[in-house]
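Presented below is the structure to which this report refers.
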Amino acid sequence: MSQVKVEFHQADLSKRKLLKAASLGGAALAVAPGIKLFQAAHAKPDGQPVTDKNRWGLLIDVNRCADGCNDCVDACQTENGWGSGSTDEQNSRDDQKAQWIRKVSVKDPQTRREFNMPVMCQHCENPPCQDVCPTGASFQREDGISMVDRHICIGCRYCMMACPYKARSFVHEALSDQRAHQPRGKGCVESCTLCAHRVDKGKIPACVESCQHGAMLFGDLNDPQSPISTKLASIPSRQLREDLKLNTGVRYTGI
Amino acid sequence: MESKMAMTKKTAYETVSEHGLSYWLVLAVLAAVTGIGFLAAYYMEHNGHYVTGMNNQIVWGLPHVFAIFLIIAASGALNVASVGSVFGKVEYKPLGRLSGLLAMCLLVGGLGVLVLDLGRPDRLITAMTYFNMKSIFTWNILLYTGFLGVVGLYMMTMFIKSWGQYTKAAGTAAFIWRFVLTTGTGSIFGFLVARQGYDAAILAPLFIAASLSIGTAIYMLVLMWIYKSTGRDLGDEVMTRLKRLNAVLAVATLFFVAVYHLTNLYITQHHGVQGFILVSGSVYTYLFWLGQVLLGTLVPVALFWSPSFTGRSSITAGALLIILGGFSMLYVVIIGGQAYPMDLISGMQVTSSFYDGEIARYTPSLPELLLGLGGVAFAVLATLFVVKVLPFVPQSLADQSEA
Ligand code: SF4
Ligand code: SF4
């Protein structure tokens with residue numbers, strides 16, 4: 001178990017470490033057994049087209065997700081301009097405000113074990129949101145990222161009814177304070193984009209980058225050599241609601 | 001065949017004109033309620049849905065209850081026409097035209113409410129040009145539009161003499177279409193696999209039975225009102241037949257409701273949501289037992305069936321109660337089904353800032369109610385207006401023995 005944790009930590013810091021290591025001449029690269037750090041960086045090189053060669057995913061270690069920590073949620077808000085990351089949604093009630101990612105506290109009533117985990121769009125391979133969407137606004141990129149095309153979303157909210165994870169939010173009022181890269185709008189539905197705008201520039205999602213505890217690992221599920229794939233191959237992990245057979249891109253370990 | 005021809009010939013249809021001021025007054029009130037419905041929709045769209053009781057947990061609120069109520073009522077209202085031309089029951093034939101008209105008007109009212117509750121109703125064109133054929137919602141949009149076309153043709157075969165030979169064929173097409181339409185509407189919920197309240201194939205037949213019952217009740221009310229306000233003869237034979245039919249349909253609905261809940265109780269995973277609806281003491285429990293079962297089914301069935309109730313007022317009361325029961329049923333299914341939390345990890349208790357693991361709260365707001373009522377008012381207004389300009393209603397529906 002301790003080894004799992006070590007590796008998570010390294011993978012998480014991979015990007016920054018890689019840059020640092022590179023400047024050190026790459027000498028200190030072999031930190032963890034089984035992981036080569038220059039693979040751990042594993043985001044998409046900037047400017048490359050989106051293809052089905054990649055399938056981006058996350059692995060979340062609930063044992064590392066700290067009680068009371070909200071860093072990933074805060075980072076998402078700042079990055080994507082919702083919640084505290086925007087001055088909008090002043091009129092909406094709490095139950096009407098958008099939440100792209102949330103911390104869920106879990107308790108096993110039998111053993112009384114407690115743990116936390118971030119929950120966001122699980123980027124299903126067979127997404128129910130997309131099956132039901134009348135206009136095709138709910139769509140999936142070639143690389144497995146699920147998104148809403150805000151130009152053709154009619155705000156019917158059927159995708160919200162269909163999503164098993166409550167990953168989607170409806171915008172209940174007019175907005176003005178938004179990020180240029182992340183347009184949002186009244187009457188449309190939105191959700192986690194796995195920071196596609198960052199991924200397309202070769203960066204990792206804001207939540208993953210912000211996690212101080214190494215609880216989140218981002219990478220390419222299609223590449224058997226990627227840290228996330230090697231990790232998934234070596235430790236037990238689960239999908240939320242695996243009974244629905246959605247083959248989610250977000251996996252959890254330690255549940 | 002002989003008697004059928006004779007019957008058809010005998011029925012004289014006439015536009016409704018022999019009424020007093022009260023008819024106009026009712027039209028005016030309905031027009032006002034329709035107008036207020038539009039204003040309410042504008043208010044909600046202009047501000048955004050924050051002015052409603054809906055939220056990110058209860059995403060389909062009261063307008064959806066009204067819309068789906070009207071849509072399934074539309075399919076049920078056509079029942080009377082079907083019985084006449086598809087099953088060849090001559091006694092029902094004179095009732096066919098009004099039945100078709102009412103069906104179309106109810107459907108338009110329901111679709112109107114559905115569209116005006118969209119987050120972006122201004123993108124209606126988008127909805128009609130971008131189709132995701134995998135979506136049951138898309139299929140429903142096509143089914144609804146098609147329904148208007150098929151029933152429209154069916155009506156024309158009743159109006160245009162030389163088309164009369166096609167009435168049965170068109171009626172059969174409309175009859176089949178209507179079943180598919182209600183099945184499709186029920187399937188909107190059946191497809192939501194993750195929600196425990198909906199994951200059941202029985203919802204489609206349940207919706208069909210409920211639609212027949214509600215549609216017949218609305219038909220009776222409209223029929224009685226038109227005849228009363230115009231002083232035309234409406235015999236007890238016709239009404240007794242209709243109310244008996246409605247009683248049977250209400251019992252059939254209750255049967256499917258029982259099957260729905262019993263099969264769900266059999267599935268251990270669904271115990272939670274069933275307990276929540278049936279015994280938890282929530283608003284949905286009351287709506288179910290009081291609204292749907294007692295007032296919405298048992299009382300009207302007694303009113304329709306028992307020989308001790310013979311007058312028109314007992315039929316009116318029964319029909320209103322059937323409508324109340326149908327509405328309660330849809331409220332319980334649509335809102336109650338969303339209020340019960342989804343399982344994120346089975347067997348675990350979950351909490352979060354996004355209300356995971358909690359019963360979702362929902363208080364319908366006034367604009368939502370006004371929009372829904374506007375849809376109902378529009379449907380009735382359109383029906384009552386069209387019978388004034390086109391001959392939809394038989395001159396007389398007096399008992400055969402008297403005629
Ligand atoms: S988690 Fe929900 S919103 Fe995300 S892809 Fe799956 S069904 Fe769609
Ligand atoms: S709300 Fe938008 S994205 Fe969701 S199903 Fe409707 S049109 Fe599609």
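Just so you know, these numbers come straight off a predicted model, no measurement behind them. Naming convention: chains lettered A, B, ... in sequence-line order (proteins, then strands); numbering from 1 in each chain.
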Worksheet entry | Intermediate values then yes/no, side-chain contact (heavy atoms from CB on, under 4.5 Å), A:Met117 and B:Ile345 | CA-CA 12 Å; A:Met117 57 181 192; B:Ile345 310 179; 3.5 Å; yes
Go through [options] and name the one with the most non-hydrogen pairs under 4.5 angstrom from chain B.
options: A:Ala174, A:Pro109, A:Ser92; result: A:Pro109
options: A:Ala162, A:Gly136, A:Cys156, A:Cys133; result: A:Cys133
options: A:Ile255, A:Leu240, A:Val171, A:Ile152; result: A:Ile152
options: A:Val119, A:Val73, A:Asp243, A:Asn91; result: A:Asn91
options: A:Leu246, A:Val106, A:Asp94; result: A:Val106
options: A:Gly187, A:Cys188, A:Gly155, A:Pro134; result: A:Pro134

Side chain of [X], backbone of [Y]: donor and acceptor closer than 3.5 Å?
X: A:Gln96; Y: B:Thr52; answer: yes
X: B:Ser135; Y: A:Val132; answer: yes
X: B:Asn56; Y: A:Lys97; answer: yes
X: A:Tyr158; Y: B:Ile188; answer: yes

Discussion item. If you apply the rule side-chain contact (heavy atoms from CB on, under 4.5 Å), what do you find for A:Met161 with B:Ile334, and how did you get there?
Written reply: CA-CA 10 Å; A:Met161 292 290 282; B:Ile334 297 173; 5.7 Å; no
Discussion item. Could you work out, with salt bridge (Lys or Arg N to Asp or Glu O under 4.0 Å) as the rule, every residue matching A:Asp95, not counting sequence neighbours?
Written reply: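 Partners of A:Asp95 under the salt bridge (Lys or Arg N to Asp or Glu O under 4.0 Å) test: A:Arg93.
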Worksheet item: When rounded to the nearest 0.5 angstrom, what distance separates CG in B:Asn132 from CZ in A:Phe139?
Response: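 Those atoms lie 13.0 Å apart.
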Worksheet item: How many angstroms lie between atom OG of B:Ser353 and atom CD of A:Gln99, to the nearest 0.5 angstrom?
Response: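 Here the interatomic distance stands at 3.5 Å.
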For [X], is it the side chain, the backbone, both or neither that has a heavy atom under 4.5 Å from a heavy atom of chain B?
X: A:Arg168; value: backbone
X: A:Glu89; value: neither
X: A:Lys103; value: backbone
X: A:Ile154; value: both

Pick from [options]: which one has the most heavy-atom pairs with chain A under 4.5 Å?
options: B:Val350, B:Leu114, B:Asn55, B:Asp343; answer: B:Asn55
options: B:Met54, B:Gln349, B:Lys134, B:Met348; answer: B:Gln349
options: B:Asp356, B:Ile58, B:Val115; answer: B:Asp356

Item to complete: Please report the shortest heavy-atom distance between B:Phe354 and A:Lys166, naming the atom on each side.
Response: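 Heavy atoms of B:Phe354 and A:Lys166 come nearest at O-NZ, 2.7 Å.
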Item to complete: Can you tell which part of B:Leu344 gets under 4.5 Å to a heavy atom of chain A, answering side chain, backbone, both or neither?
Response: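 Both parts, heavy atoms under 4.5 Å.
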Worksheet item: Which atoms of B:Met133 come close to chain A, meaning under 4.5 Å heavy atom to heavy atom: side chain ones, backbone ones, both, or neither?
Response: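 Interface part for B:Met133: neither.
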When you look at [atom1] of [X], are more than 12 heavy atoms from neighbouring residues, nucleotides or ligands closer to it than 6.0 Å?
X: B:Phe38; atom1: CZ; value: no
X: A:Arg112; atom1: CZ; value: no
X: A:Asp52; atom1: CG; value: yes

Worksheet item: Would you call B:Gln57 and A:Met160 a side-chain contact if the rule is heavy atoms closer than 4.5 Å?
Response: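 A side-chain contact is absent here, since even the closest heavy-atom pair is not under 4.5 Å.
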Taking only heavy atoms into account, what residues of [range] are found under 4.5 Å from chain A?
range: residues 116-127 of chain B; answer: B:Asp117, B:Leu118, B:Gly119, B:Arg120, B:Arg123, B:Thr126, B:Ala127
range: residues 362-370 of chain B; answer: none
range: residues 42-51 of chain B; answer: B:Glu45, B:His46, B:Asn47, B:Gly48, B:His49, B:Tyr50

